[in-house]
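First the structure, in the form of structure tokens, and then the observations on it.
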Number of protein chains: 2
Amino acid sequence: MAFLIAQRAYIKLFLITKVEQQRGYGYQMLDQLKEEFKPFGYVPPQSEVYRALHELVQEGVLYRTKQLKGVDPSVDFQEIVLYQFTDDGYEKAKRYKKQVKADLDRCIGLLQKAATDNYA
Amino acid sequence: MAFLIAQRAYIKLFLITKVEQQRGYGYQMLDQLKEEFKPFGYVPPQSEVYRALHELVQEGVLYRTKQLKGVDPSVDFQEIVLYQFTDDGYEKAKRYKKQVKADLDRCIGLLQKAATDNYA
DNA sequence: TGATGAACAATGTGTTCATTA
DNA sequence: TAATGAACACATTGTTCATCA
């Protein structure tokens, strides 16, 4: 068992929740995360977000569909990669989240122990 | 800024507190930590504890004194390395702890955000 | 076996670079 | 510049090995 939860797993958790709410694409979710975490002084790196998405595809949780971003291809031909759940992806995600929850609680416990044991 | 606090920093914090309470040696503190963390399913590795102690020496917080463990050298000639604060070590440690406290709170915040945002 | 430490290997992450229909 | 991705380098950690009185 590792010391604390890995950044990858942490990000995957948020990405799953984002896809639950609405399918989206990488750059977009990255921007949202950056915004969300601004108050915490944490800037999720691009690379980690993409890596997390790729892993979720590898694990059969999400699948990719390419799509043009804009409405008029003659104006906007930027291609984006949309992510959404596979057939059993939602179930898989549910299990993953459950497992991560346990680890989160364990980590919070460890950190709180440090906060109480080492400060008068 | 890193994602979560490093294991090294986490362990250093506990080691400092141990030395505050009573000077000790590595193997002993390692054993105590193992015991303390058992309920959390976390086993602090030897290597990290020793590395943490060495770093604290490097940083001028602690200094080492070698000593024979037992009372009778003809029976027990095991040599141990005792750690205690340098002259300004206590002050340095105090500053370090303050800084770690801020990071701990930040990390707890991040983990709690994950727990609230991703679970209904 | 207790105690200390170093060497080495693996992993995770940060930074930079490449590409774009 | 938005968007995706890979390559590469680095730091932290885990595992193993060495030594010793």
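Heavy atoms only: backbone and side chains are in, while hydrogens, waters and symmetry mates are out. On a predicted model such as this, the values are computed, not experimentally measured, just so you know. Here is the naming used below: chain letters follow the sequence lines, and residue numbers restart at 1 for every chain.
Rounded to whole angstrom, the span from the OH atom of Y27(A) across to the P atom of dT19(C) amounts to 19 Å. Taking atom CD of E79(B) as the reference point, atom C1' of dA3(C) lies 10 Å away to the nearest angstrom. The distance between atom CZ of R64(B) and atom C1' of dT4(C), rounded to the nearest whole Å, is 8 Å. Residue K69(A) contributes atom NZ, which lies 16 Å from atom P of dA21(C) at whole-angstrom precision. Rounding to whole angstrom units, CD1 of residue I80(A) and C1' of dT4(D) are separated by 11 Å. Distance, K34(B) NZ to dG14(D) C1': 14 Å, rounded to whole Å. The NZ atom of K66(A) sits 20 Å away from the P atom of dA2(D) (whole-angstrom rounding). Rounded to whole Å, the distance from CG on L4(B) to P on dA11(D) is 19 Å.
With both pairing distances under 3.5 Å, dT20(C) is matched to dA2(D) as a Watson-Crick or G-U wobble pair.
The environment of D87(B) atom CG is sparse: at most 12 non-hydrogen atoms of other residues, nucleotides or ligands sit within 6.0 angstrom. Residue Y119(A) places its OH atom among more than 12 non-hydrogen atoms of other residues, nucleotides or ligands, all under 6.0 Å distant.
Between K92(B) and E59(B) no salt bridge is recorded (no basic side-chain N to carboxylate O distance below 4.0 Å).
No hydrogens or angles considered: a donor-acceptor pair under 3.5 Å links the side chains of Y83(A) and R64(A).
Nucleic acid contact class of Y10(A) (heavy atoms, under 4.0 Å, all strands): none. Nucleic acid contact class of Q7(A) (heavy atoms, under 4.0 Å, all strands): sugar-phosphate only.
Evaluation of atom-type donor-acceptor distances gives a pair under 3.5 Å for the side chain of R51(A) against the base of dG14(C).
Note that K113(B) lies in the cation-pi zone of F37(A), set by a 6.0 Å cut-off to the ring centre and a 45° limit from the axis.
Listed pair Y50(B) / dT4(C) meets the phosphate criterion, a side-chain N or O lying under 4.0 Å from OP1 or OP2.
The residue among Q46(A) and R8(A) whose nearest nucleotide of DNA chain C is located toward the 5' end is R8(A). Judged by closest nucleotide on DNA chain C, Y25(B) is the one of Y25(B) and S47(B) placed further toward the 5' end.
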